[in-house]
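See below for the structure under consideration.
From a predicted model like this one, the values you see are computed outputs, not experimental measurements.
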Amino acid sequence: MAKKNLGEMSFLDHLEELRWLLVRSTIAICIMAFVTYFISDYLFDQIILGPTRPSFFTYVWFCDLSHQLGFADSICITKLNFIIQNTEMEGQVNIFVWMCLLAGFILSFPYILWELWKFISPALYEKERKNAKVFIFTSSLLFFLGVIFGYYVVIPMSVNFVATFSISEMVINQFTLDSYMGMVKTSILASGLFFELPIIIYFLTKLGLVTPDFLRKYWKYAVVIILIIAAIVTPPDVVSQTIVAIPMLLIYEVSILISRIVYRNKLKENNV
């Protein structure tokens, strides 16, 4: 079935639709941010500041893993030698608002995807528009997996690295609240969006902007970049770097596979 005639809407009509998409998405984020206000104590004490404690799940798991691999206590974390301090008068208020908004964005992500799908669906074939539920479910699942990966892997590895790295015993680590929260926001959002790579590659391949041969050609460069990222956010040991790098490499490989399938289907349609 043919695509919907986009000429039915003018450029200004598209801008109006985009404006209302942003408005509705912003309202959804604010509503979910307001909901998180009622659990803000748990959100900050147990979740956001959780990776600052040696009893955090990831640190305990790494310690158990080191024993199973015969490394004794080589990667066990018993103390994180730093404190977090607020140095600005309105620092805690600003952090409170922005972290609630971040939580609101994460919780409302499926709705934002639904709004985005409604915006782009007129440019799709009828059979593609029927895949809305699959698109929203898959994209949301990948995003939440990325958030979990960022929270349980990237953040604790980053915290452990900066807490244990020292140029001199005379220097005491006293991190600002803003810098810690900035690292949390960046790690979670970057990981969540990186896990969206298969979805992004799917659409780029559909549009003809990316091919599987292109992705495979630059595979070695992608591997180098991923390994560099893993080395930056983890302590200088092979186990930690491997745990961070493997999921990212798998995501890239899945993206290549998806691009190959989409590209093959496009060739069949063109031949028909």
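The two residues T52 and L80 make their nearest non-hydrogen contact at O-CD1, 3.3 Å. Considering all non-hydrogen atoms of both residues, C100 and A33 come closest at O-CB, 3.3 Å. For G146 against S191, the heavy-atom pair with the smallest separation is O-CB, 3.1 Å. The shortest non-hydrogen separation linking P156 to G150 is CD-O, 4.4 Å.
By the criterion of side-chain heavy atoms lying less than 4.5 angstrom apart, applied directly or through intervening Ile, Leu, Val, Met, Phe, Trp or Tyr residues, I226 is not grouped with L250; the two fall into different hydrophobic clusters. In the hydrophobic cluster analysis, where Ile, Leu, Val, Met, Phe, Trp and Tyr join through side-chain heavy atoms closer than 4.5 angstrom, I148 is grouped together with I106. Residues V134 and F203 fall into different hydrophobic clusters, defined by Ile, Leu, Val, Met, Phe, Trp and Tyr side chains chained together at heavy-atom separations under 4.5 Å. One hydrophobic cluster, built from ILVMFWY side chains closer than 4.5 Å, holds both I225 and F149. Linking Ile, Leu, Val, Met, Phe, Trp and Tyr residues whenever their side-chain heavy atoms come within less than 4.5 Å places F137 and I200 in a single cluster.
Counting heavy atoms from C-beta outward, L107 and V35 have side chains that stay 4.5 Å or more apart. In this structure, N86 and T176 have side chains that are not in contact, with every pair of non-hydrogen atoms separated by 4.5 Å or more. Residues F135 and S140 are not in side-chain contact: their nearest non-hydrogen atoms beyond the backbone lie 4.5 Å or more apart. Inter-residue side-chain proximity for Y111 and R24 is flagged as met; some heavy-atom pair is nearer than 4.5 Å. Within the 4.5 Å cutoff, side-chain heavy atoms of P198 are placed close to those of I251. A heavy-atom distance below 4.5 Å is not found between the side chains of I31 and S108.
Formation of a donor-acceptor pair under 3.5 Å by the N265 side chain with backbone atoms of I261 is found in this model. Distance alone, capped at 3.5 Å, places no donor-acceptor pair between the S179 side chain and the F175 backbone. A donor-acceptor contact shorter than 3.5 Å is absent between the side chain of T205 and the backbone of Y263. S187 contributes no side-chain N or O that, together with a main-chain N or O of V184, makes up a donor-acceptor pair within less than 3.5 Å. Listed for the Y180 side chain is no donor-acceptor partner under 3.5 Å among the backbone atoms of I84. Side-chain N or O atoms of S259 include none that pairs as donor or acceptor with a backbone N or O of S255 at under 3.5 Å. Judged by distance alone, with hydrogens and angles left aside, the side-chain atoms of T186 form no donor-acceptor pair with the main-chain N or O of M183 at under 3.5 Å.
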For side chain to side chain contact (heavy atoms under 4.5 Å, CB included), just list the numbers for E253 and M248, CA-CA rounded to whole Å, side-chain angles, deciding distance to a tenth of an Å, and then say yes or no. CA-CA 9 Å; E253 286 294 332; M248 300 176 71; over 6 Å; no

Start with the C-alpha gap between L43 and Y37, add the side-chain angles, then the distance that decides, and say whether side chain to side chain contact (heavy atoms under 4.5 Å, CB included) holds. CA-CA 9 Å; L43 174 67; Y37 168 79; over 6 Å; no

Run the numbers on I112 and W117 for side chain to side chain contact (heavy atoms under 4.5 Å, CB included), then give the verdict. CA-CA 9 Å; I112 296 174; W117 181 266; over 6 Å; no

Passes side chain to side chain contact (heavy atoms under 4.5 Å, CB included), V162 versus N173? Steps please. CA-CA 9 Å; V162 297; N173 287 326; over 6 Å; no

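Taking the six-membered ring wherever Trp is involved, the centroid distance between the rings of Y218 and Y252 does not fall below 6.0 Å. A ring-centre distance under 6.0 Å is found for F109 and F143. Under the 6.0 Å cut-off for aromatic ring centres, F56 and Y151 qualify, their centroids lying closer than that. Checked against the 6.0 Å centroid threshold, F96 and F44 count as a close aromatic pair.
Taken to the nearest 0.5 Å, the CD1 atom of I201 stands 14.5 Å off from the NZ atom of K206. For the atom pair L22 CG and L116 CG, the distance stands at 10.0 Å (nearest 0.5 Å). Taking OG of S139 as the reference point, atom OH of Y202 lies at 10.5 Å (rounded to 0.5 Å). Atoms CD and CG, from Q85 and L177 in turn, are 10.0 Å apart once rounded to the nearest 0.5 Å. Atom CG of L102 and atom CD1 of I48 lie 7.5 Å apart (nearest 0.5 Å). The structure places CZ of F119 at 7.0 Å from CG of L21, a figure rounded to the nearest 0.5 Å.
Annotation for I172: atom CD1 does not count as buried by contact number, only 12 or fewer foreign heavy atoms lying within 6.0 Å. Annotation: Q92, atom CD; neighbour count of heavy atoms from other residues, nucleotides and ligands within 6.0 Å does not exceed 12.
In this structure, a donor-acceptor pair under 3.5 Å is absent between the side chains of W20 and E115.
Cation-pi check for K118 over W114 is met; the charged atom lies under 6.0 angstrom from the ring centroid and within 45 degrees of its normal.
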